[in-house]
Amino acid sequence: MHADDALGFYIVADGVGGNNKGEVASREAIDQLSMWMAGHRKQLDILRAQLEIDDISARAEIRRHLENGVQSACYMVFGMGQIDPGMRGMATTLSALLITNGFAFAAHVGDSRVYRIRDNQALQLTEDHTLINYKLKHRLITQEEALRAAGKNVITRAVGHKDHVQVDTVDLDAEAGDIFVMCTDGLHGYLKDPSEVVELVGDGNIESGANAAIALANQRGGKDNITIVVAQVFEQAPRRIMG
């Protein structure tokens, strides 16, 4: 994970396949994306200022910057696998969130998730890039069949699997009091529905909420790595807790 409170920028990644150096892929992807954002800080500062006048083109440009950063990370992770046979095939999920000047921007690949909590309602900003979700989306299986289906952890997109990847981006308004939750499937895979996210962290006590979320996932099985970042928006800047 990565957190830059000054910029309001957060990243969660989860390596795919322990035998294929998934932990190396996730660390490299985070490093590359955070360096990309730092290297484009001047351009981002200009675009962030334009958000104050609700410039729609600035919002599109920020989404493009995030997407390009994820693509750059993907190219680097893939390249490492081509150079070192021991790393060939390694890949990672990658979810990034930028909270700035009344807006939140997300870029996403894989099955980690980003939620926004407002007025005791959880809105999932990201779509799971999994085989099960693909089948559900295209009405190939029912919700009941999905609960019993095998291969729940099979993802359809990952950073580093190829030298490029399709990146989902989204932006929406962010108000003071909003809480954003980023987590890997090691957490959300044990939640019954998004309402449990609200129950865990929606009261604004984000530190105890993050700890409670981790404890719940462990109580219900906890067989996968659990990563969670919780950021709450204040008037000036977001405050976050990582677990």
Side-chain angles (χ1 to χ4, degrees), residues 1-16 18 22-27 29-31 33-34 37 92-100 104-128 130 147 152-153 155 170 172 174-243:
M1 71 180 74
H2 169 82
D4 181 344
D5 291 329
L7 183 59
F9 184 58
Y10 310 96
I11 310 172
V12 165
D14 187 16
V16 178
E23 75 283 359
V24 177
S26 61
R27 184 69 261 168
I30 289 173
D31 288 346
L33 181 53
S34 59
M37 294 294 283
T92 182
T93 72
L94 190 65
S95 298
L97 177 69
L98 176 66
I99 307 171
T100 181
F105 301 82
H108 171 69
V109 175
D111 63 351
S112 295
R113 290 182 181 176
V114 181
Y115 297 94
R116 184 191 69 183
I117 299 175
R118 177 188 292 175
D119 297 331
N120 292 318
Q121 296 290 326
L123 173 66
Q124 185 176 329
L125 278 62
T126 54
E127 176 184 331
D128 294 348
T130 62
L147 293 174
K152 288 183 171 61
N153 295 327
I155 64 173
V170 65
L172 75 170
E175 299 178 352
D178 284 352
I179 297 174
F180 289 85
V181 179
M182 308 175 71
C183 62
T184 60
D185 67 328
L187 175 60
H188 71 70
Y190 292 98
L191 299 178
K192 296 176 182 178
D193 56 61
S195 67
E196 288 199 308
V197 179
V198 179
E199 294 173 6
L200 291 164
V201 302
D203 63 357
N205 192 337
I206 60 176
E207 183 171 5
S208 64
N211 291 333
I214 294 171
L216 179 64
N218 283 324
Q219 179 184 346
R220 291 179 175 175
K223 295 180 180 180
D224 203 352
N225 293 329
I226 302 171
T227 302
I228 180 171
V229 174
V230 185
Q232 185 173 17
V233 180
F234 290 88
E235 291 295 339
Q236 299 299 322
R239 176 172 63 95
R240 53 82 189 175
I241 291 292
M242 302 190 297

May I ask you to check whether over 12 heavy atoms, not counting those of N120, lie within 6.0 Å of atom CG?
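Check fails, neighbour count at 12 or below.
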[atom2] on [Y] to [atom1] on [X], rounded to 0.5 Å:
| X | Y | atom1 | atom2 | answer |
| --- | --- | --- | --- | --- |
| R118 | F180 | CZ | CZ | 7.5 Å |
| T184 | M1 | OG1 | CE | 8.5 Å |
| S195 | L200 | OG | CG | 9.5 Å |
| Y190 | D185 | OH | CG | 8.5 Å |
| T227 | I214 | OG1 | CD1 | 8.0 Å |
| I179 | Q232 | CD1 | CD | 4.5 Å |

Test side-chain contact (heavy atoms from CB on, under 4.5 Å) applied to [X] - qualifying residues, sequence neighbours left out:
| X | value |
| --- | --- |
| T130 | D111, D128, I132, N133, I155 |
| V24 | K21, M80, M87, M90 |
| R27 | I30, D31 |
| S26 | A13, T92 |

Would you check if the side chain of [X] reaches a backbone N or O of [Y] as a donor-acceptor pair within less than 3.5 Å?
| X | Y | value |
| --- | --- | --- |
| H108 | E127 | yes |
| E196 | K192 | yes |
| D4 | L7 | yes |
| N218 | A215 | no |

In the structure I gave you, are the side-chain heavy atoms of [X] and [Y] within less than 4.5 Å of one another anywhere?
| X | Y | result |
| --- | --- | --- |
| I11 | L97 | no |
| L172 | L125 | yes |
| I117 | V197 | yes |
| H2 | M37 | no |
| I99 | F9 | no |
| Y10 | M182 | yes |
| Y115 | H188 | yes |
| V181 | V229 | no |

Measure across [X] and [Y] and return the closest heavy-atom pair with its distance rounded to 0.1 Å.
| X | Y | answer |
| --- | --- | --- |
| V230 | A210 | CG2-CB, 4.0 Å |
| V114 | T126 | N-OG1, 3.1 Å |
| I226 | G186 | CG1-O, 3.5 Å |

Those residues that, when tested against E199, pass salt bridge (Lys or Arg N to Asp or Glu O under 4.0 Å) (two or more places apart)
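Listed in chain order: nothing, the list is empty.
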Salt bridge (Lys or Arg N to Asp or Glu O under 4.0 Å) involving D14 - partner list, sequence neighbours excluded
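D14 satisfies salt bridge (Lys or Arg N to Asp or Glu O under 4.0 Å) with no other residue.
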Verdict with supporting geometry, L191 and L216, side-chain contact (heavy atoms from CB on, under 4.5 Å):
CA-CA 8 Å; L191 299 178; L216 179 64; 4.0 Å; yes
